[in-house]
Amino acid sequence: MAETTNIPVNPPQRQNEDRYDPQRIEEKWHARWQADPTLFAAEPHSSKRKKYYVLEMLPYPSGALHMGHVRNYAIGDALARYMWAQGYNVLHPMGWDAFGLPAENAAIKNKVPPREWTLRNIAHMKSQMKRLGFSYDWSREVATCLPEYYRWNQWFFLKLYEKGLVYRKNSKVNWCPECATVLANEQVVGGNCWRHEDTPVVQRELEQWFARTTQYSDELLRDLEKLDGWPEKVRTMQRNWIGRSDGVLLDFKVDGPTGPAGDKVTVFTTRIDTIYGATSIQLAPEHPLVADLIGNDPSLLAKVGDLISEQRKARDQEEVESMEKHGVFTERYAINPFTQEKMPIWVANYILMGYGTGAIMSVPAHDERDYAFAQKYGIDIKIVILPRRTGEPPAPGEEEKPMLPYTAKDSMLINSGDFNELSNEEAMKKMTAYSEQHGFGKATVTYRLKDWGISRQRYWGTPIPMLYCEKDGVVPVPENQLPVLLPENVEVTLQGGSPLGRIPEFVNATCPICGGAARRETDTMDTFVDSSWYFYRYTSPHSNDKPFDTAEADYWFPIDQYIGGVEHAILHLIYSRFWTKFMRDIGLVHNDEPVQRLFTQGMVIRNGAKMSKSKGNVVSPDEMVARFGADATRAYSLFAAPPDRDLDWQEAGVEGVHRFLGRVYRFVMKHGRPSVEGYTYVIPGRESWPAKVRALERKMHQTIRRITEDFQGRWHFNTSVAAIMEFVNELYAAEADVSEPKHRQLLDVILRNLVLLISPFAPYLANELWEKLSLPDVAVPSALLRHRWPDYNPELAKEEEIEYVVQINGKVKARLTVAAETTEDIVREQALADQKVRAALEGKQIVKVIVVSGKLVNIVVR
RNA sequence: GCCGGGAUGGCGAAACUGGCAGACGCAGCGGACUUAAAAUCCGCAGGUCCGAAAGGACUGUGGGGGUUCAAGUCCCCCUCCCGGCACCA
């Protein structure tokens, strides 16, 4: 037996440099970047460079980053790095949406004060972000839970109060029993709480602060037209949310005795042209007039009460649609101001007090809902619109009734007195004018958008800077007493009502007017207030006499690119648009819209489902970084799917990207040498190169072009990364040729460009390799941010092609572009083509043109 | 119901203005290197059929129709999936 037992336990280790070891590389550069806090800092607004403001939505410090964050920031960081490389002065800040309920829940569960819990989470998540290598300017970091931030929320609140844009209203509010707090309308999803999807929201009566967002309804709607850098989807959602409709308010006199609610019913209609067909009035069950009309008839009272509770229940449980339409006749009548006819007044379950006036004129012939209702109760159905254009003769059978209900608008009026024969459009104009002249109508615009309820009965939020004095009533806290500090010695519980109300030192205050005792407002602000203007704070985060410096904001705004999840498409983005318009009106900013371009990225899912603890399919970024490195994790999140689509996380895929980065690493380490050659170059004698080398050079230019174009337009970073992979594959295939001494200069250029191209996607690796390509005395701590992006030469990027035109009888029948690798190919193709065309011209028909592998091989003729 | 977005191999996807469908990657198979493995490098690969092989034929982008020399891409109709809105008068 041979002596084979003495196998060394540790096989000879390869050179450290041969193996791609992301941990070693990333920790090395991470340390260097940490040592220089100015590395990613934006230049002040006096900079000569053009500005570019790229922003990712600020996270809630929930504890740890998840993959959705990583994806979001990987997109933003790639863009920021590309824009730096394009020579822009880039503002790329990060902050924390640090107020909110989870901190209180954690306080209850873990007995940790919300502040401590929040700050600890911030510290952890910040270190994760740094480890992932994102190029944030941390000198501009903002945390909304700190007094230096939230005092400006309070300042804004006072300004809004001054301008009459916040007001107090005793109103029914949505109350989530689980959160023990009030929810905005926007936080109610299908009758349930947006956080507790199984918890139905109940109604409660409370005094609340409201911001008058409706003041800007029309502008918020109109300016959507300007936002052509936003996804159409988001604009549509906002349009629907604002919900403008143009119509007329019409007064109908009530016949007979009336009460305190008045002697007329005001309805809102968008179809005044159908008024001659209105055969009843329908009131919402909660309409104030109802009580007057039905008096104290006990059976009617009971029925209306049923309608109210039924309506609420249905609304809570999202059964509105399937509900059968029914109602109660009040046994009273109103007078149609156009016809003077008596119309029965009903109370109906399908009329909402929250929209329009809570009363409608019912036109059964021309409205689906009214039709169903009238059919059920035998109410008159009067046709006043025919599906025929004015001036057209009736088609045969046209005198027949249209299919009811007939709701189309491009038709003609009948049975409408003086307005007969008019088109809808004209009738609406004339009838509106008529109603206004006679004092019973008024052209009006109605919106679905409601004022924004900003009071929250919670602890962990911005205290509302208001006082209640016995003598002077509601009194704002004077500006020089800001901030109203949030006390820290608070025991947080989930009991209803605000925790602040249980702290006498906080509640008891002095009235600034009379000097007497006053009670402090104990509600805090909705956290959407924080996020409505935070991106302005980034422009001068340490300003301590104003929320931010207007000159800085003027320089940086609007945000050139905002990136985040589509779940904020309505709330956050509509509130911040409102806030910007308000700030403009008080002269603080000089732009109408905060966000020029918006990008909404897809979700990160796994096994077809959203990542969640309950499903047990959560992948932690820390684990990915530990196994494959930050570069591979980030690059994978860009490579696996286009950024606007959902991304199914597959670890094998991350491994693949890791492998690819290793290929780049090894190739550059093997062939790289310090060189001063730039990315622009002139290399003579190109004609004598082997085809492989020429093709490689072409590939380089094509790759630069593709990636540059992806950044400029389509943002398909998945194909950007794929393009670099292709380039690297070709590089390996041509390794033997291109490493010959006479191509050395080309190889230098290729390696440098390759490293620059991967830098937005794998910044750590790019820096490591750039060091390899740099002369020893050149310092490389710049994170490559300010190194110029490579140019491509369009001529050298072009495929060699021939164009081939097929004609029959002088008519161009086909025009084909055929790729040809060499000149000989072109000649051969041309000869073949000519032959085929000649055949085709002999009075024959072309049946088929066959192109295989870029070469025209046959034209089938008959 | 209305609005928006989708449907392409075993999987994630690509094909930008109609012009070689499936780039790139994952998983798979084969080879080289190695005592072996890992790592790495090279190659194969939509499906069905013919052929020993080289190669070839047919078929193929949710379904049906159409325009075109040419359709994943344009037009008409339909099915399914995802997201948003919804008695909005």
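Proteins come first, then strands; the chains are lettered A, B, ... in the order of their sequence lines, and each starts at number 1.
On the C1' atoms, B/rG18 is 15 Å away from B/rU61, given to the nearest whole Å. Separation of the C1' atoms belonging to B/rC69 and B/rG10 is 36 Å when rounded to the nearest angstrom. With C1' as the reference atom, B/rC2 and B/rG22 are 36 Å apart, rounded to whole Å. The P atoms of B/rG9 and B/rG4 are separated by 27 Å, rounded to the nearest whole Å. Rounded to a whole angstrom, the distance from the P atom of B/rG5 to that of B/rA89 is 23 Å. B/rC76 and B/rA23: their C1' atoms are spaced 32 Å apart (whole Å). Spacing of P atoms, B/rA13 relative to B/rC26, comes out at 16 Å, to the nearest Å. Nucleotides B/rA57 and B/rG43 are separated by 26 Å at their P atoms, to the nearest Å.
Aromatic ring orientation, A/Trp715 versus A/Phe599: tilted (interplanar angle from 30° to 60°). Classified by interplanar angle (parallel below 30°, tilted 30° to 60°, perpendicular above 60°), the ring pair A/Trp346/A/Tyr377 is tilted.
A cation-pi geometry, defined here as NZ or CZ lying under 6.0 Å from the six-membered ring centre and within 45° of its normal, holds between A/Lys325 and A/Tyr350.
Remark: A/Arg706 is not in phosphate contact with B/rC24, judged by side-chain N or O atoms under 4.0 Å from OP1 or OP2. Regarding contacts with the backbone of B/rA89, a side-chain N or O of A/Ser245 is found under 4.0 angstrom from either OP1 or OP2.
For the pair A/Tyr665 OH and B/rU40 P, the computed distance is 14 Å after rounding to whole Å. The interatomic distance linking A/Ile724 (CD1) with B/rG25 (P) rounds to 12 Å, in whole Å. One interatomic measurement links the two molecules: CD of A/Gln712 to P of B/rC16, which rounds to 18 Å at whole-angstrom precision. Atoms OH (A/Tyr371) and P (B/rG1) sit 19 Å apart, rounded to a whole Å. At whole-Å resolution of the value, CZ in A/Arg239 and P in B/rC85 are 16 Å apart. Distance CD1 (A/Ile242) to C1' (B/rG84): 15 Å, rounded to an integer number of Å. The separation between A/Asn240 atom CG and B/rG1 atom P is 17 Å, rounded to whole Å. Straight-line distance from the CG atom of A/Asp21 to the C1' atom of B/rA39: 13 Å, rounded to whole Å.
Of the candidates B/rA27, B/rG25, B/rC87, the closest approach to any side-chain atom of A/Tyr350 belongs to B/rC87. In the set B/rC3, B/rA89, B/rA86, B/rA89 carries the atom at the smallest distance from any side-chain atom of A/Thr269. Relative to the side chain of A/Ala640, the nucleotides B/rC24, B/rA14, B/rG12 differ in distance, and B/rG12 lies closest. Comparing B/rC87, B/rA86, B/rG25 by their nearest atom to the side chain of A/Asn729 picks out B/rG25. When distances run from any side-chain atom of A/Phe268 to the nucleotides B/rA89, B/rG4, B/rC24, the shortest one goes to B/rA89. Among the nucleotides B/rA27, B/rA13, B/rC16, the one closest to any side-chain atom of A/Arg659 is B/rA27. Residue A/Arg714 has its side chain nearest to B/rC16 when only B/rC16, B/rA27, B/rC24 are considered. Of the candidate nucleotides B/rC42, B/rA14, B/rC85, B/rA14 has the atom lying nearest to any side-chain atom of A/Asn718. The side chain of A/Arg666 approaches B/rU40 more closely than any other nucleotide in the set B/rC87, B/rA14, B/rU40. Listed candidates were B/rC85, B/rC24, B/rG84. Nearest to the side chain of A/Met237 is B/rG84.
Among the protein residues, A/Asn349 comes within range of the nucleic acid bases, having at least one heavy atom under 4.0 Å from a base atom. In this structure, A/Ile351 reaches the bases: a heavy-atom distance under 4.0 Å links it to at least one base atom across the strands shown. Backbone-only contact: A/Pro642 has heavy atoms under 4.0 Å from sugar-phosphate atoms and none from a base. Using a 4.0 Å heavy-atom distance criterion, A/Phe639 is classed as a base contact. When heavy atoms are screened at a 4.0 angstrom cut-off, A/Arg663 is found touching the sugar-phosphate backbone but no base atom. A/Gly656 comes within 4.0 angstrom of sugar-phosphate atoms only, judged by non-hydrogen atoms across all strands, and of no base. Within 4.0 Å (heavy atoms only), A/Glu232 reaches no atom of the nucleic acid at all.
Across the strands present, B/rG43 finds its partner in B/rC29; the criterion is a Watson-Crick or G-U wobble pair with both atom distances under 3.5 angstrom. Nucleotide B/rA21 has no partner under the Watson-Crick or G-U criteria, as no pair reaches both atom distances under 3.5 Å. Figure legend. B/rA71 is base-paired to no nucleotide; pairs are counted as Watson-Crick or G-U wobble with both atom distances under 3.5 Å.
Checking A/Tyr447 against A/Asp218 by side-chain atom types alone, a donor-acceptor pair falls below 3.5 Å. Inspection of the A/Asn240 and A/Arg448 side chains reveals no N or O donor paired with an N or O acceptor under 3.5 Å.
The side chain to side chain donor-acceptor pair (under 3.5 Å) test with A/Arg627 singles out one residue from A/His658, A/Glu655, A/Glu651, and that residue is A/Glu651.
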Under the ring-ring contact (aromatic ring centres under 6.0 Å, His included) rule, what do A/Phe440 and A/Phe338 come out as? Steps first, then yes or no, please. CA-CA 10 Å; A/Phe440 60 82; A/Phe338 276 81; 5.6 Å; yes

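Here B/rG43 is in the anti range [glycosidic angle more than 90° from 0].
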